[in-house]
Amino acid sequence: MPRTTKPLRRPLRLSTALLAGTLLLGGLTTAPAAAGATASPAATTAVRVNQVGYLPDGPKRATVVTTAPGALAWQLRNASGTVVASGSTVPYGADAPSGQSVQVADFSSYRSAGAGYVLAVDGSGSVPFDIRADLYDTLRSDAMAFFHHQRSGISVDASLVGAAYARPAGHLGVAPNKGDTSVPCQATVCDYTQDVRGGWYDAGDHGKYVVNGGLSAWLLVNSFERAERAGKGAALGDSTLRVPERGNGTPDVLDEARWELDFLMRMQVPEGKPYAGMAFHKVHDAAWTGMPMRPEQDAQPRELHRPSTAATLNLAAAAAQCARVFRPYDSAYADRCLSAARRAWAAAQTHPALYAPASDSTGGGAYEDNRVTDEFYWAAAELYATTGESAYRDAVTASPWHTSAEAFSPYGFGWADTAALGRLVLATVPNGLPATDLARVRASVTAAADAHLSRMGAQGYAVPVPADGYFWGSNGEVADDAVVMAVAGELTGDGRYRAGALEALDYLLGRNALGLSYVTGYGETSSQNQHHRFWAHQLDPSLPHPPAGSLAGGPDSALQDPVAQEKLTGCAPAACYVDDIGSYSTNEVAVNWNAPLAWLAGYAAERTSGGGEPPTSACAVTYTVNSLWSTGFTATVTVRNTGSTPVDGWQLTWPYPGGQRVTSAWNATVTQNGTAVSARDADWNRTIAPGATASFGVQGTHSGSNPSPAAFALNGNACV
């Protein structure tokens, strides 16, 4: 069905009237709605909690909707009704985005695991919830499985997803499909056909879009890269997720990302054709299909849309990241990715301003973007982090985004705003930037996270988005902001950032203005009727609801679909959501919203040793050159644990400032990509007690200059 563009780069400001138009009823605040409206299930309680629960060592806060002016007593009761903790709420007052008067209850000090807890405040009890360390293990799996469900060009097997969700492959040219194996271009775009099978259906329709797919694949691969830095990559490793490639020796999350990466590379214009090396912007039906419509039933002709600079740079960034992260598992595939990335980068430089038009929104979203300097920065950062080559470093440092205060937007990153991704890469992947430059990049991440925490502290539901940030896909914005906070925690070891990321997850899972979990299958009251052509139970009872782990787009105060306009008139911004399959502007699913949810669920599922933040690797490194000759050297690297807890498993990373190359090593496994070097423990020396050291040696070559490295990181945390 026709719809407007995806989330705006700079959302329209909300009017004062929209912020203020609410009514207080019985201690709950509701927005006026059109006659007969069934916006979303009314919250059954004034006490809004994460309906799944809380981690024992994480933050535990709830928001209470009440007009009471003074603090209220709260009680935490276990499943048998026994009071196990008590305290007083903190009055907050008027919360503009929700239009509600609220107070906050904090029971973080209670850490005992259990099921069926209820928080009672002023005669109201929350829905039951759990406190346990494995709280997010299932969500990690389900949020990742979303992408297998969305695969194009492959059958979805009941053994992996259940009988209700099994289906034949879509868009392979089997009647009535026209298929994606030989797709023509729109008129005047090209005179040949292209095999663009595979990839993920972007959202509730059958379109596949490079700019959204590139961002989403990047997030999945980045989730694994971050987990590896934290020593937790095994949780996403081979045979951990529900993918058909399990058991092949490659981490399952990378197998899933590869399904999309293969599609992205198929969207690259072949050599010898006009715009060679560029990426077609998108492929989808010539007209919007009806609902419901399973993929293999789609009879619409498919079309390739004109290449764009934005799509080409998404391909360059995602493929460059692929080359780095896949290399230990499939070096040939890594080489293929790097070749595609280099070609895309060169083509984008040749065609730096080929923009996708906003008018091209028949049959699929337009995904228009007429500012691509941020994509150039992101792609250059990925290519530099992977290769260490000076040309890409120069592109990074010459970009205005490298020093811009706006790289991290208050509204998060997204398919049209990618400068933040370049910063995240440079802050976390070892590279050869000068120490002062690297420190500034890392400081920009923590500054952005601080801004998110500040916004959370200024809102009754602890949401990291601005009060006017409830636009199309606002839930994805919340999850994106949580990613930034999590990375800030990794860089600093400051537990405030992990707490902020977890509280953002609280919002998505029920601690919000509607008292509703936006993730299907999670929580007592969750979204069930997201906009989707196959998961369309609301339209056809023989079809399923969306599978568990599917994130709804969330409140959109612009009311950009007829159902929202009918049912949500006068809603407070944070309440502009309706669980109706027809409300595509508030209730669609999309890969770029589930990708940060999957990233966040994987992060939250990691076990900690207490305090809320994974144990940091406080460390000091000594690098000593033992011998030096005309073309070579040997050196000893000693890392000291300066923290108060043992390091169990370590990875030390550093960039070589003089282009040195490691040729051999002892007492550690050492690999090198470009200037970036990574040394892993030899198992027998994996544990470094507080105050103890571990040493290893390297031999390498140099070309006349052998400056010692100046920046080391242990398990992703900077050393002194």
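Within the 3.5 Å criterion, the main-chain N or O of Lys60 finds a donor-acceptor partner in the side chain of Ser108. A donor-acceptor pair under 3.5 Å is absent between the side-chain atoms of Thr89 and the main chain of Pro91, judged by distance alone. With Ser141 contributing its side chain and Thr138 its backbone, the two residues share no donor-acceptor pair below 3.5 Å. A donor-acceptor contact shorter than 3.5 Å is absent between the side chain of Asn431 and the backbone of Ala385. Remark: side-chain polar atoms of Tyr497 are not paired, donor with acceptor, to backbone N or O of Leu453 under 3.5 angstrom.
Judged by distance alone, the side chains of Arg242 and His149 never bring a donor and an acceptor atom under 3.5 Å apart. A side-chain donor-acceptor contact under 3.5 Å links Asp142 and Tyr522. Between the side chains of Tyr117 and Tyr110, at least one donor N or O lies within less than 3.5 Å of an accepting N or O. Side chains of Asp468 and Tyr411: a donor on one and an acceptor on the other come within 3.5 Å. Side-chain contact check for Gln51 and Thr525: no donor-acceptor pair (N or O, by modelled atom type) lies under 3.5 Å. Side-chain atoms of Thr63 and Arg48 form no donor-acceptor pair, as typed in the model, at a separation below 3.5 Å. In this model, no donor atom of one side chain and acceptor atom of the other lie less than 3.5 Å apart for Thr428 and Glu490.
Ring planes of Tyr507 and Tyr470: tilted class, angle from 30 to 60°. Between Tyr367 and Tyr209, the two ring planes are tilted [angle within 30° to 60°]. Aromatic ring pairs are classed by plane angle as parallel below 30°, tilted from 30° to 60° and perpendicular above 60°; the pair Trp654 and Phe712 is tilted. Below 30°, between 30° and 60°, or above 60°: for Trp200 and Phe147 the angle between ring planes is between 30° and 60°, a tilted geometry.
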Let me see the working for Glu588 and Asp556 under side chain to side chain contact (heavy atoms under 4.5 Å, CB included), right down to the final yes or no.
CA-CA 11 Å; Glu588 193 167 14; Asp556 176 13; over 6 Å; no
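Applying the side chain to side chain donor-acceptor pair (under 3.5 Å) test to every pair with at least one member in residues 473-483, sequence neighbours left out, gives these pairs: His452-Asp481.
Here Asp134 does not pair with Arg607 in a salt bridge; the nearest charged N to carboxylate O distance is not below 4.0 Å.
The two atoms that bring Ala572 and Ser98 nearest to each other are CB-O, 3.4 Å, heavy atoms only.
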